[in-house]
Amino acid sequence: MSKKVRVRFAPSPTGGLHLGGVRTALFNYLFARQNEGDFILRVEDTDQTRFVEGAEEYIIDCLNWCGITPDEGPHAGGGFGPYRQSERKALYRQYAEQLVKQGNAYYAFDTPEELEQKRAEITNFQYGHAHRSSLRNSLFLPVKEVQELLDKGTPHVIRIKMPVDETIGFTDMVRGRVNFETSQVDDKVLLKADGMPTYHLAVVVDDYLMQITHAFRGEEWLPSAPVHLLLWEYLGWKNEMPQWAHLPLILKPDGHGKLSKRDGDRLGFPVYAMNWTDPKSGDLTKGFRELGFLPEAFVNLLALLGWNNGTDQEIFTLDELVEQFSMERISKAGAQFDFEKAKWFNHEWIRQSTAISLTPNVISVLRQHDISAENHPQLTKIIDLVKDRCTLLTDFYEHASYFFQKPAESKIDWTSIQPKWNDAKTDFFIAFIQKTQETASWEAASIEAAFKALTQEKGIKIGEVMLPLRVMLVGGKFGPAVFDIAEVLGKEETVERIELALAILGR
RNA sequence: GGCCCGUUCGUCUAGGGGUUAGGACGUUAGAUUUUCAUUCUAGAAACAGGGGUUCGAUUCCCCUACGGGCUACCA
């Protein structure tokens, strides 16, 4: 009987939630659901200097928006709390001290300034076997002096003592066997002078205490894996160590390198899941959500960044992803982010969504432009008419607003009809208005029939008046079938718009 | 610099000892839509290089090149 699967997403609350972070969270979620396990949110706020107000709530909101809400976490509770590392501070010291007692770690009294000095003096300086003896630590200072320093409360850190010459390796779920030479790894700080653990200690202690079975993180963590491996061993928990998976990085669309918030600003696309306002500077960074992405599309595109199911299928619901996700099919190489493809995913999702499910989003987009759409009797019909041509939810403003308000005179594309305008056309439209008054029915097919009959009657080519009608009703050369538009607009509104246009063209 | 990871069309990727190397985004050209978008059809577009192993390598192995990550009392 194997243990219950438990995975964690462990972000640091230092700002907006990056696309890559959401993907890591997503893979955690998929794996947990697939294996009927638990998905835990752990807030890694051990660096007090980088703490940003509101970031934690923001992260939780992002996960909720994506539909990948954690089962346990600071917001949800659970039997393994607290879930903020800052609230677990008291817990870590004993493990660090245990390591010191065992001889696997030591006290170091060097100040940050002294170390900076060393780094300047010695090229490729590492706090490790090569330089330990010339530094101020409990490995080389006389026992008495160490005790005195400790008694005086001298600020110090606890560092791991890396073995001089060992090969340490593990089997990564995506990369297979990975080995490291301990001689190349420095003596990482485990406990900082302020009593807080570093990531290295905290991740091991908490993964152990929270009974994490599988640990997914970005590839940038691979080089510090040997430290974590050793810690699991030294703490005596080797058999409980989770299986590691180092996920491929998400790279810049141009050139290479990790995708960063800056790239989004520079290239004009979002990197954060939702809008993020920096509480200090007040700077707003746009998110996928506010730009008009459906959470389903966002999750879908993220899942395909580094994973596929081996077929040509590209559109997946969250449920399908849960069912089909597999660690074996995660690619090893980093993936450049392509915003064009991201938009394609959203377009597909909008097209495949029902008008009913899109309704709240469309109402909200229109409301941002002071258009109240919620009471429109034909709202779902309007959505069905235009959704195929909306790539982003925000496009519903451009493609649907004319159903709710007359196009502004200044916005109407007069240049496409005015040059070829003549009295015959004026006559035609006047006659058309009259004709509309004679019949009670008002459906696309009958309007079209009447319109066409009139062109014959008047001896005017249909193409000559179709485009003008469209521009009168819509304001430009776009939109669905013009008689469908007229039907939704209603007879009265259609006539008003034609009359209005006629008046302007007649000036 | 050192260590680690990686390398199939511009991008995301499938494939895997013998294939016309497949799909998608983007792109090009046509068709349709009496508008625009969609849609449809067609096209251009890739196995980093060199050595092995093999009857045969894009596929397996090695080297090189290139790219990336890490190298903090940050995560």
Side-chain angles (χ1 to χ4, degrees), chain A residues 10-14 44-47 49-50 85 108 110-112 115-116 119 123-127 155-159 172 174-176 178-181 183-186 188-200 202-203 217-226 246 248-249 251-258 301 304-315 329 331-345 347-348 351 386-391 395 399 413 416 452 461-471 474 476-482 485:
Chain A
S12 184
T14 54
E44 309 228 333
D45 55 351
T46 53
D47 186 355
T49 62
R50 293 214 306 162
Q85 289 182 332
D110 321 85
T111 65
L115 293 176
E116 216 170 290
R119 273 186 267 270
T123 41
N124 299 328
F125 171 81
Q126 278 196 319
Y127 206 123
H156 62 277
V157 301
I158 294 178
R159 311 186 86 111
D172 188 275
V174 344
R175 274 149 230 285
V178 183
N179 292 314
F180 302 86
E181 298 302 323
S183 62
Q184 303 294 331
V185 184
D186 59 343
K188 293 280 184 228
V189 171
L190 301 179
L191 200 73
K192 300 187 257 189
D194 64 2
M196 278 286 195
T198 59
Y199 172 82
H200 306 296
V203 73
R217 56 179 16 169
E219 192 191 340
E220 71 266 34
W221 288 108
L222 207 41
S224 58
H246 290 87
L249 264 14
L251 310 169
K252 301 172 195 292
D254 59 344
H256 290 283
K258 269 200 292 186
L301 75 92
L304 273 280
L305 232 37
W307 176 86
N308 71 83
N309 77 344
T311 73
D312 289 344
Q313 183 179 356
E314 294 201 272
I315 302 298
R329 295 205 62 88
S331 37
K332 295 180 177 69
Q336 281 185 233
F337 179 68
D338 180 0
F339 190 50
E340 290 306 317
K341 182 102 186 205
K343 284 192 290 191
W344 175 81
F345 275 107
H347 194 183
E348 287 298 306
R351 295 180 48 196
V386 303
K387 70 186 169 91
D388 274 11
R389 55 198 73 213
C390 294
T391 298
D395 293 339
H399 288 290
D413 180 15
S416 64
K452 284 184 173 170
K461 273 193 224 144
I462 201 165
E464 302 266 319
V465 283
M466 281 284 271
L467 186 66
L469 177 62
R470 168 177 298 282
V471 173
V474 173
K477 293 190 285 185
F478 62 92
V482 69
I485 296 170

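Lettering of chains follows the sequences in order, A, B, ..., and the numbering in each one begins at 1.
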Which nucleotide in the list [options] gets nearest to the side chain of [X]?
X      : options             : answer
A/E219 : B/C5, B/U13, B/A72  : B/C5
A/K192 : B/C73, B/C12, B/U35 : B/C73
A/Q184 : B/C25, B/C3, B/A75  : B/C3
A/N308 : B/G22, B/U13, B/C73 : B/U13
A/K258 : B/C70, B/C73, B/C5  : B/C70
A/P223 : B/G69, B/G23, B/C73 : B/G69
A/A193 : B/C5, B/C36, B/C73  : B/C73
A/D47  : B/C25, B/C74, B/C73 : B/C74

- [ ] Determine the interplanar angle of the A/Y199 and A/W221 rings, folded into 0 to 90°, and report it as parallel if under 30°, tilted if 30 to 60°, perpendicular if over 60°.
- [x] parallel
With rounding to whole Å, what would you report as the distance between [N] and [M] at their [atom1] atoms?
N     : M     : atom1 : answer
B/C9  : B/A45 : C1'   : 5 Å
B/G1  : B/G49 : C1'   : 25 Å
B/C63 : B/U7  : C1'   : 15 Å
B/U19 : B/C25 : C1'   : 24 Å
B/G50 : B/G43 : P     : 30 Å
B/G26 : B/G67 : C1'   : 23 Å
B/G18 : B/A75 : C1'   : 50 Å
B/G15 : B/C47 : C1'   : 11 Å

Task: Side chain proximity check, A/E220 to A/L249, heavy atoms < 4.5 angstrom - done: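 Yes - at least one pair of side-chain heavy atoms lies under 4.5 Å apart.
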For [X], report the nucleic acid contact type (base, sugar-phosphate, nothing); a contact means any heavy atom under 4.0 Å.
X      : value
A/G306 : sugar-phosphate
A/G257 : sugar-phosphate
A/A108 : nothing
A/V189 : sugar-phosphate
A/R329 : sugar-phosphate

Open item on the list: Nearest whole Å is fine: how far is B/U39 P from A/D388 CG?
Closed with: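 My rounded result for the distance is 8 Å.
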- [ ] Could you tell me the separation between the CH2 atom of A/W344 and the C1' atom of B/G23, rounded to a whole number of Å?
- [x] 10 Å
TODO: Return the 5'-most residue of the pair A/V482, A/A333 with respect to RNA chain B, ranking by each residue's nearest nucleotide.
DONE: A/A333
Open item on the list: Which is more 5' along RNA chain B, the nucleotide nearest A/P253 or the one nearest A/D186? Just name the residue.
Closed with: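 The residue whose closest nucleotide sits nearer the 5' end is A/P253.
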Open item on the list: Whether the side chain of A/S331 engages the backbone of A/G306 through a donor-acceptor N/O pair (distance < 3.5 Å, no angle test) should be reported.
Closed with: yes
TODO: Could you tell me which nucleotide pairs with B/A31 by Watson-Crick or G-U wobble geometry, both distances under 3.5 Å, or answer none if nothing does?
DONE: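 Partner of B/A31: B/U39.
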Task: Nucleotide paired to B/U7 in any strand shown, Watson-Crick or G-U, under 3.5 Å - done: B/A65
Is it the case that the side chains of [Y] and [X] hold a donor-acceptor pair, with the cut-off being a distance below 3.5 Å and no angle test?
X      : Y      : answer
A/Y127 : A/D110 : yes
A/N309 : A/R329 : no
A/R217 : A/H246 : yes

Open item on the list: Should the side chain of A/K341 and the base of B/A24 be counted as holding a donor-acceptor pair, with the cut-off at 3.5 Å?
Closed with: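 Per atom types, the contact qualifies.
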Task: Salt-bridge criterion met for A/E219 and A/R175 (N-O under 4.0 Å) - done: yes
Task: N or O in side chain of A/S331 less than 4.0 angstrom from B/U13 OP1/OP2 - done: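 True: A/S331 side-chain N/O within range (under 4.0 Å) of B/U13 OP1/OP2.
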